[in-house]
Protein chains: 2
Amino acid sequence: MPATPDYIRISDEIATDARSGKLKPGDKLPSIAELCAQYKVSSSTIQLVFVRLEAIEAINRRQGKGVFVTDPKTWLRKP
Amino acid sequence: MPATPDYIRISDEIATDARSGKLKPGDKLPSIAELCAQYKVSSSTIQLVFVRLEAIEAINRRQGKGVFVTDPKTWLRKP
DNA sequence: CCACATTTGTCCGTATGTATC
DNA sequence: AGATACATACGGACAAATGTG
């Protein structure tokens, strides 16, 4: 059986952290470089994570500043 | 003004076609190779489009078979 | 204003795996 | 067996926004 793809697993973990309160609305995620190191994946995979989380409005990406978590209450679904 | 990124523009066009009825629920999208040719982008960009559309449940991806449009009424939002 | 470092943003080409026909 | 098609992941190139000095 196929293991869960990295980009699904990582976005689910971030979503879980936000729902549990470990990440709060407005919190800035680690930089892409740090997330790459933390999860041992490439930046392309992290970008996939961001596209997926952004599509459901779970994060807010601001070029040059960072990626910020939104309030889970406003998410379109639980990824 | 920043040009709209390809993966946003393409997923918006597909969404518009589905909403207008040009694409109907259950319709199969052209193959990745055909979409690459049609929009003159790489397969990586098409995969970004798919991840984005799948996140809002606008498409259903079936490995080896194709990518199918869902009913816009069930989408999580209008991309 | 300018230079620089940091960070995110987009896109590409390729490799490999898996499912279907 | 072979062809087709989608799935995941990588690494790199370059652009754009921000902040600091």
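These figures come from a predicted structure and were not determined experimentally. Throughout, a chain's letter reflects where its sequence line sits, starting with A, and its residues are numbered from 1.
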Original post:
Side-chain donor-acceptor pair under 3.5 Å between Arg52(B) and Ser11(B), yes or no?
Top reply: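 Indeed, the side chains of Arg52(B) and Ser11(B) share at least one donor-acceptor pair under 3.5 Å.
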Original post:
Do any pairs count as a salt bridge (charged side-chain N to carboxylate O under 4.0 Å, His left out) and have a residue in residues 23-50 of chain B, sequence neighbours left out, and if so which ones?
Top reply: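 The answer is none; no pair qualifies.
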Original post:
Going by the salt bridge (charged side-chain N to carboxylate O under 4.0 Å, His left out) test, which pairs reach into residues 59-70 of chain B, not counting sequence neighbours?
Top reply: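 Passing the test, one end in residues 59-70 of chain B: Glu54(B)-Arg61(B).
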Original post:
Can you list the steps and then say if Arg9(B) with Asp12(B) is a salt bridge (Lys or Arg N to Asp or Glu O under 4.0 Å)?
Top reply: CA-CA 5 Å; Arg9(B) 178 177 54 83; Asp12(B) 285 356; over 6 Å; no
Original post:
Going only through I, L, V, M, F, W and Y residues with side-chain contacts under 4.5 Å, is there a path from Phe68(A) to Phe50(A)?
Top reply: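 As far as the 4.5 Å side-chain criterion goes, Phe50(A) and Phe68(A) are not connected within one cluster.
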From [atom1] of [X] over to [atom2] of [N], roughly how many Å is that when rounded to an integer?
X        : N       : atom1 : atom2 : result
Arg52(A) : dG9(C)  : CZ    : C1'   : 20 Å
Leu35(B) : dA5(D)  : CG    : C1'   : 12 Å
Lys28(B) : dT20(C) : NZ    : P     : 14 Å
Phe68(B) : dA5(D)  : CZ    : C1'   : 11 Å
Asp6(A)  : dG17(C) : CG    : P     : 15 Å
Glu34(B) : dT4(D)  : CD    : C1'   : 11 Å
Arg62(B) : dT4(D)  : CZ    : C1'   : 17 Å
Lys65(B) : dT18(C) : NZ    : P     : 20 Å

**OP:** Kindly say if Tyr7(B) contacts the phosphate of dT10(C), meaning a side-chain N or O under 4.0 Å from OP1 or OP2.
**Re:**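 Answer yes for this pair, as a side-chain N or O of Tyr7(B) is under 4.0 Å from OP1 or OP2.
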Original post:
Side-chain donor or acceptor of Gln63(B) under 3.5 Å from a matching atom on the base of dA5(D)?
Top reply: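 It does not, because no donor-acceptor pair links the side chain of Gln63(B) to the base of dA5(D) below 3.5 Å.
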Original post:
Among all residues two or more places apart in sequence or in another chain, which pass the side chain to side chain donor-acceptor pair (under 3.5 Å) test with Ser44(A)?
Top reply: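 Side chain to side chain donor-acceptor pair (under 3.5 Å) list for Ser44(A), sorted by chain: empty.
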Original post:
So which of Asp17(A), Leu53(A), Leu23(A) actually passes side chain to side chain contact (heavy atoms under 4.5 Å, CB included) with Val69(A)?
Top reply: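 Only match with Val69(A) under side chain to side chain contact (heavy atoms under 4.5 Å, CB included): Leu23(A).
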Original post:
Want to settle it: does Gly64(A) or Val67(B) sit nearer the 5' end of DNA chain D, counting the closest nucleotide to each?
Top reply: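 That would be Val67(B).
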Original post:
Does Gln63(A) have any side chain to side chain contact (heavy atoms under 4.5 Å, CB included) partners at least two apart in sequence or in another chain, and if so, which?
Top reply: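 Result, side chain to side chain contact (heavy atoms under 4.5 Å, CB included) vs Gln63(A): none returned.
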Original post:
Does any residue of residues 41-49 of chain B have a heavy atom under 4.0 Å from DNA chain C, and if so, which ones, in number order?
Top reply: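 Under 4.0 Å from DNA chain C: Val41(B), Ser42(B), Ser43(B), Ser44(B), Thr45(B).
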Original post:
How far apart are the closest heavy atoms of Trp75(A) and Ala58(A), and which atoms are they?
Top reply: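 Smallest interatomic distance, heavy atoms only, reads NE1-CA, 3.3 Å.
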**OP:** Specify the angle, to 10°, made by the local axes at the two ends of the helix from dC2(C)-dG21(D) to dC21(C)-dG2(D) when five pairs are taken at each end.
**Re:**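 The value is 10°.
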